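Numbering of ligands and ligand atoms starts at 1, following listing order. Here the structure is a predicted model, which means the values were calculated and not measured.
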Amino acid sequence: MPGTELFGAEERKEVNDVMETGMLFRYGHDAQRNGHWKAKDFEAEVRKITGAKFAHAMSSGSTAIATALAASGIGAGDEVIVTPFTFIASVEAVLFIGAIPVFAEIDETLCLSAEGIEKAITPKTTGVCLVHMCGGNAEMDSIMAVIKKHNLILVEDAGQAFASSYKGTYTGLFGKAGSYSFDFFKIATAGEGGVLVTNDEETYKKADVYSDHGHNHVGEKRGMENHPFLGFNYRISELHAAVAVAQTRKVPGIKEKNRKNKKFMQDILSKNSKISFSKLGDESGDSATFLNILLPDTETAQRAVDEMNAAGVVGFDYWFKNMYHFINQWDHLKNLSTVSKLPAELFERSQDYNKLNLPKTQAVIGRLISFGVKYKWTESDMKTLADKISACVDKAVKPVNA
Ligand SMILES: *Cc1c(COP(=O)(O)O)cnc(C)c1O
C-alpha cells in the first residue's frame with residue numbers, strides 16, 4: 001500500500017484548505033471556496049500522469065467502472081465479457097448496470113487474453129470489461145485486434161493499475177473509457193475515490209452527467225441546469241479529493257521506487273529455479289505494486305503458502321483461496337444471490353456460472369502468490385524476505401522419488 005505509507009504533511013495541507021472554507025462540495029459556490037477546487041485539481045493530476053484528454057473524479061473505483069460501462073453505451077441485456085480474476089467490483093458493475101457478465105480465460109499476464117475473449121464471444125456480446133490486475137497491464141496489441149475485428153466496446157477497469165502503461169499508452173485509455181480506484185489499498189488513496197478517464201469527449205460528458213443526477217454543469221445556478229439524461233449520485237467530496245491531490249502527486253516517485261524494489265526482489269528470487277513470475281503486456285510500463293510469483297503447480301503453491309504462514313512471512317495474497325478476487329469463492333455470484341432482482345435474472349444467460357470451465361485460469365491462479373511491494377522496504381528487509389520466500393518454496397517442492 002505505498003500511498004498510505006507516505007501519508008503526511010502534503011495531505012494535511014490539502015485537507016486544511018477545504019476545512020478552512022468549509023466548502024465540501026465540488027461544484028459551484030465560487031465566492032465561498034477561496035479558489036480551492038480539489039476535485040478539479042485531482043482530475044488535472046490524473047490527466048498529467050496518464051495523458052488522458054478527460055478525467056472525471058468520482059466516489060469510488062466501483063462507481064467509476066459502472067459509469068464507464070454505462071457512458072460507453074452498455075446496458076440492460078448486453079453481454080459483457082469479464083474476467084474470473086478481479087476484485088469482484090468489475091463483475092458487480094456489469095450486473096448493476098443491467099448487463100450480463102460472460103466469463104473468459106486469462107493468461108499469465110493475470111488479465112483476459114485475446115484468445116480467451118475471442119472464444120467467449122456470442123451473438124449477444126456487446127463489450128469487454130478488461131481488468132489490468134496487480135498493477136500490470138494486459139497484452140493490448142492482440143486484445144485490440146480482437147476488439148476491432150468483432151466491433152466490440154472495450155471498457156477497462158484499471159482499478160489496480162493507475163500509472164501502468166503499455167507501449168506508451170496508459171491503462172484505461174485503450175477503449176471507450178477506463179477507471180482507476182483510489183480506495184485505501186491502491187497505489188494512491190483518497191480514502192474512498194475513483195477516476196474515470198477517456199479520450200472521447202462525448203463519453204466524458206455522459207459520465208459527468210450520469211454521475212451527478214443528470215446535471216450538465218453548464219451555467220451558474222445548479223437548480224437551473226439542464227438534465228439531458230437520468231443519473232445518480234456518484235460524486236466525490238472535496239475532502240476526499242484533497243487527500244487524492246496530494247497522493248497523486250506522489251505517484252511518479254512511488255512507481256520509480258516500486259519498480260526498483262520489485263527488481264531487487266526478482267533478482268534474488270529468480271535464482272530459485274522453481275520460481276517464475278507473472279508476465280506483463282509491457283514490462284517497462286509496470287507500476288510494480290505487486291510482485292507476482294508463479295510456482296510449478298497448484299499443489300506446490302499451496303504447500304508454499306503453508307510454509308510461509310508457518311515461517312511468519314506476511315504481506316502476501318494467495319488469490320486462489322481469497323474470498324473477493326477469484327471466482328472459486330464467488331458463490332453469491334454463481335447463484336445470483338441478490339437482495340432484490342437484477343435485470344440479468346430476466347434475460348436468458350449463455351453461461352451457467354456454476355458450470356464454468358476455465359482450466360487455464362484455474363492453473364494460473366492456483367500457481368500464483370502475490371506480494372504487495374512496499375515503498376519503505378530497505379535492501380536488508382528485501383533480502384531477508386526474498387531468502388525466506390525462497391526457502392519456503394524449496395521446502396514446498398516435493399522431493400523427486402528416487
Ligand atoms: C479496488 C478495485 C475496484 C474497486 O474500487 P473501489 O474504489 O474500492 O470501489 C475495482 N476494480 C478493481 C480491479 C479493483 O482492484
Side-chain angles (χ1 to χ4, degrees), residues 1-4 39 42-43 46 55-70 80-97 99 101 103-104 106 109-112 128-138 154-164 170-172 174-175 177-197 207 211 232-237 239-241 243-244 247-248 251 278 281 286-290 292 317 319 322-327 329-330 333 361 365 368 370 372-373:
M1 291 194 285
T4 53
F42 176 26
E43 289 160 354
V46 169
H56 183 54
M58 301 178 52
S59 56
S60 71
S62 302
T63 54
I65 184 63
T67 302
L69 289 159
V80 179
I81 293 173
V82 297
T83 169
F85 177 51
T86 176
F87 181 61
I88 195 166
S90 353
V91 182
E92 289 170 329
V94 168
L95 279 170
F96 287 23
I97 59 149
F103 290 92
I106 66 164
T109 62
L110 314 180
C111 307
L112 289 174
V128 176
C129 179
L130 177 69
V131 184
H132 299 279
M133 280 302 279
C134 299
N137 45 64
L154 175 66
V155 175
E156 292 162 85
D157 179 352
Q160 301 185 4
F162 177 53
S164 171
Y170 279 76
T171 59
F174 286 86
S179 64
Y180 309 121
S181 165
F182 288 76
D183 78 14
F184 192 66
F185 307 97
K186 303 305 203 286
I187 189 165
T189 184
E192 299 283 359
V195 175
L196 177 148
V197 285
S211 59
F232 210 52
N233 176 9
Y234 294 153
R235 293 186 306 261
I236 191 166
S237 84
L239 277 176
H240 291 91
V243 175
Q247 286 268 301
T248 306
V251 166
S278 70
D286 186 14
S287 70
T289 47
F290 283 96
N292 302 301
D317 287 292
W319 311 106
N322 181 301
M323 292 303 282
Y324 271 86
H325 289 77
F326 190 49
I327 193 151
Q329 278 72 243
W330 294 346
L333 178 275
T361 301
I365 302 305
L368 174 69
S370 300
V373 173

Problem set entry | Step-by-step side chain to side chain contact (heavy atoms under 4.5 Å, CB included) determination, Ile327 to Ile365 | CA-CA 10 Å; Ile327 193 151; Ile365 302 305; over 6 Å; no

Nearest non-hydrogen protein atom, [atom]:
| atom | answer |
| --- | --- |
| atom 8 (O) of ligand 1 | Asp183 OD2, 2.6 Å |
| atom 9 (O) of ligand 1 | Ser62 OG, 2.5 Å |
| atom 3 (C) of ligand 1 | Phe87 CD2, 3.6 Å |

Report yes or no: does [X] contribute a side-chain atom to a donor-acceptor pair with the main-chain N or O of [Y] at less than 3.5 Å?
| X | Y | answer |
| --- | --- | --- |
| Asn137 | Gly281 | yes |
| Thr171 | Ala161 | yes |
| Thr86 | Ile88 | no |
| Thr189 | Phe182 | yes |

Exercise. Would you say Ala89 and ligand 1 have an N/O pair spaced under 3.5 Å apart?
Worked result: no

For this session: Please say whether Ser181 places an N or O atom under 3.5 Å from an N or O atom belonging to ligand 1.
Result: yes

Exercise. Do you see a donor-acceptor pair shorter than 3.5 Å between the side chains of Ser164 and His132?
Worked result: no

Any atom of ligand 1 sitting under 4.0 Å from a heavy atom of [X]?
| X | answer |
| --- | --- |
| Gly193 | yes |
| Asp157 | yes |
| Lys186 | yes |

Which ligand 1 atoms, with their elements, are less than 4.0 angstrom from a heavy-atom of [X]?
| X | result |
| --- | --- |
| Val131 | 13 (C) |
| Thr86 | 13 (C) |
| Gly61 | 5 (O), 6 (P), 7 (O), 9 (O) |
| Ser60 | 7 (O), 9 (O) |

Exercise. His325 and ring-ring contact (aromatic ring centres under 6.0 Å, His included): which partner among Phe185, Phe87, Trp330?
Worked result: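 Result: among Phe185, Phe87, Trp330, Phe87 is the only option passing the ring-ring contact (aromatic ring centres under 6.0 Å, His included) with His325.
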
Problem set entry | Closest non-hydrogen atom pair between Phe290 and Ser370, with its separation | CD2-CB, 3.9 Å

